[in-house]
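Take a look at the structure set out below.
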2 protein chains.
Amino acid sequence: MLSQKTKYALKALLYLAQQDANHISKTTDIAEEANIPKKFLEQILLDLKRGHLVGSKQGKFGGYYLLKSGNDITLADIHRLFDGAIALLPCASLNFYERCSDCKDEDECLLRHGLTAIRDETLKAMQGITIASLVKK
Amino acid sequence: MLSQKTKYALKALLYLAQQDANHISKTTDIAEEANIPKKFLEQILLDLKRGHLVGSKQGKFGGYYLLKSGNDITLADIHRLFDGAIALLPCASLNFYERCSDCKDEDECLLRHGLTAIRDETLKAMQGITIASLVKK
DNA sequence: CTAAAGCCTACTAATTTTATAGAATTAATT
DNA sequence: AATTAATTCTATAAAATTAGTAGGCTTTAG
């Protein structure tokens, strides 16, 4: 399951994607429209900024806007930014690889292979879902 | 990502699937072979029993054994038993449906549809992985 | 100078996860 | 009947994660 944070991030991105080009959205407006606690959303938008998915303008009349086209922001990107690995085990992850602490011999592990296959399929599916595709509904 | 509990459950089931027919395995043996804390494994095996995936024999020379063929135990089953929903949001779940607390109107939600599609694909993939398929490697 | 916005850090409360402990129960063997 | 070795059950605890809050700082338009 997605964390609240990831869900909120998706909702915020959907909001931004539905605005006119060059429109800048205030945190307050996104929070109200998408029903997200404002202070929590602030942090999420900052994370999205650090992830180079949105840009911001500071000061009065500032706010946030999409940096990339909605077609170029996939569910996989957002999942990785907030919830981390897409694979079911760290040892099967491309971007967040780690050994399992309890694993005696990774090459002999019966789980890894199957879970790597799952990762490939899930990843492909997640890369097929973009902010733009969600807006189109 | 899978929880430790789910991973341990998978490892325990793999162990059981590799034993001779009618063999009964002690918790201690599974724990040692699969590198799982014994007391934690006890609880997991009980959960597997309550989930009707394994059977047990009590008393001296007791232990656990698979109730179903390894072909009939899928990754989806185990995920649902320990980690719950396979869908990314509760509102997109078949077996663990719940409304999102922050959702204004579920029918209008842009997220649900895409996430339902993901669930279908992930579920299909997870149902394709069985204990038997993992053992075959 | 002021108002209104984003930026940043720290903290907190609740929940979940990952175990551990110990007693009760069951069953085979002596 | 006693012993031994196993599962079963309930409670507890420590650690990590999640979700959210608080408050001050910085930036920019007017």
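Convention: sequence-line order gives letters A, B, ...; per-chain numbering from 1.
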Going through the checks in order, is the salt bridge (Lys or Arg N to Asp or Glu O under 4.0 Å) test met by E121(B) and K124(B)? CA-CA 5 Å; E121(B) 296 200 53; K124(B) 195 176 154 195; over 6 Å; no
Would you mind reporting whether [Y] and [X] have side-chain heavy atoms less than 4.5 Å apart?
X: Y8(B); Y: P37(B); value: yes
X: V135(A); Y: Q18(A); value: yes
X: L94(A); Y: L123(A); value: yes

Looking at H52(B), I'd like to know if its NE2 atom is crowded, meaning that more than 12 non-hydrogen atoms belonging to other residues, nucleotides or ligands lie closer than 6.0 Å.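 No, NE2 of H52(B) has 12 or fewer neighbouring heavy atoms, counting only those of other groups under 6.0 Å.
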Using a cut-off of 6.0 Å, state whether more than 12 heavy atoms not belonging to N22(B) lie near its atom CG. no
Can a side chain N or O of Y8(A) be found less than 4.0 Å away from OP1 or OP2 on dG20(D)?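 So the side chain of Y8(A) is within the cut-off, an N or O lying under 4.0 Å from OP1 or OP2 of dG20(D).
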For DNA chain C, whose closest nucleotide is more 5', that of K5(B) or that of G62(A)?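 It is G62(A), whose closest nucleotide lies nearer the 5' terminus.
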Produce the list of close N/O pairs, under 3.5 Å, pairing protein atoms with atoms of nucleotides 13-17 of chain D; give distances to one decimal.
none

B/S/- along nucleotides 21-30 of chain D (protein heavy atoms under 4.0 Å) is BBBB--BBSS
Test side chain to side chain donor-acceptor pair (under 3.5 Å) applied to N71(A) and T130(A), step by step: CA-CA 6 Å; N71(A) 292 305; T130(A) 65; 4.5 Å; no
Report which part of the nucleic acid T28(A) touches: base, sugar-phosphate, or nothing (heavy-atom distance under 4.0 Å, all strands). nothing
Between residues 11-25 of chain B and DNA chain C, which residues have a heavy-atom gap below 4.0 Å?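 Correct list: empty, so none.
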Hydrophobic clustering (ILVMFWY, side-chain heavy atoms < 4.5 Å, transitive) - are [Y] and [X] grouped together?
X: Y64(B); Y: Y15(B); answer: yes
X: L14(B); Y: L81(B); answer: yes
X: L53(B); Y: L46(B); answer: yes

Please report the distance, rounded to the nearest Å, between NZ in K7(A) and C1' in dG20(D). 14 Å
Nucleic acid contacts - residues 77-104 of chain A versus DNA chain D, non-hydrogen atoms under 4.0 Å: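 When residues 77-104 of chain A is checked for heavy atoms under 4.0 Å from DNA chain D, there are no hits whatsoever.
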Only counting residues at least two apart or in another chain, list the ones meeting side chain to side chain donor-acceptor pair (under 3.5 Å) with K11(B).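 Expected list: D102(A).
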Test side-chain contact (heavy atoms from CB on, under 4.5 Å) on L48(B) and F82(B) and set out the steps. CA-CA 9 Å; L48(B) 286 170; F82(B) 292 96; 3.6 Å; yes
5' to 3' contact window, DNA chain C with chain B (heavy-atom distance under 4.0 Å): dT18(C) to dT29(C)
Nearest atoms (heavy-atom pairs only) where S3(A) meets D83(A): OG-OD1, 2.7 Å
At what distance, to the nearest 0.5 angstrom, does SG of C91(B) lie from OH of Y97(B)? 7.0 Å
Could you give me the CA-CA distance, side-chain angles and deciding distance for R112(B) and L89(B), then say whether side-chain contact (heavy atoms from CB on, under 4.5 Å) is met? CA-CA 8 Å; R112(B) 271 194 87 200; L89(B) 285 186; over 6 Å; no
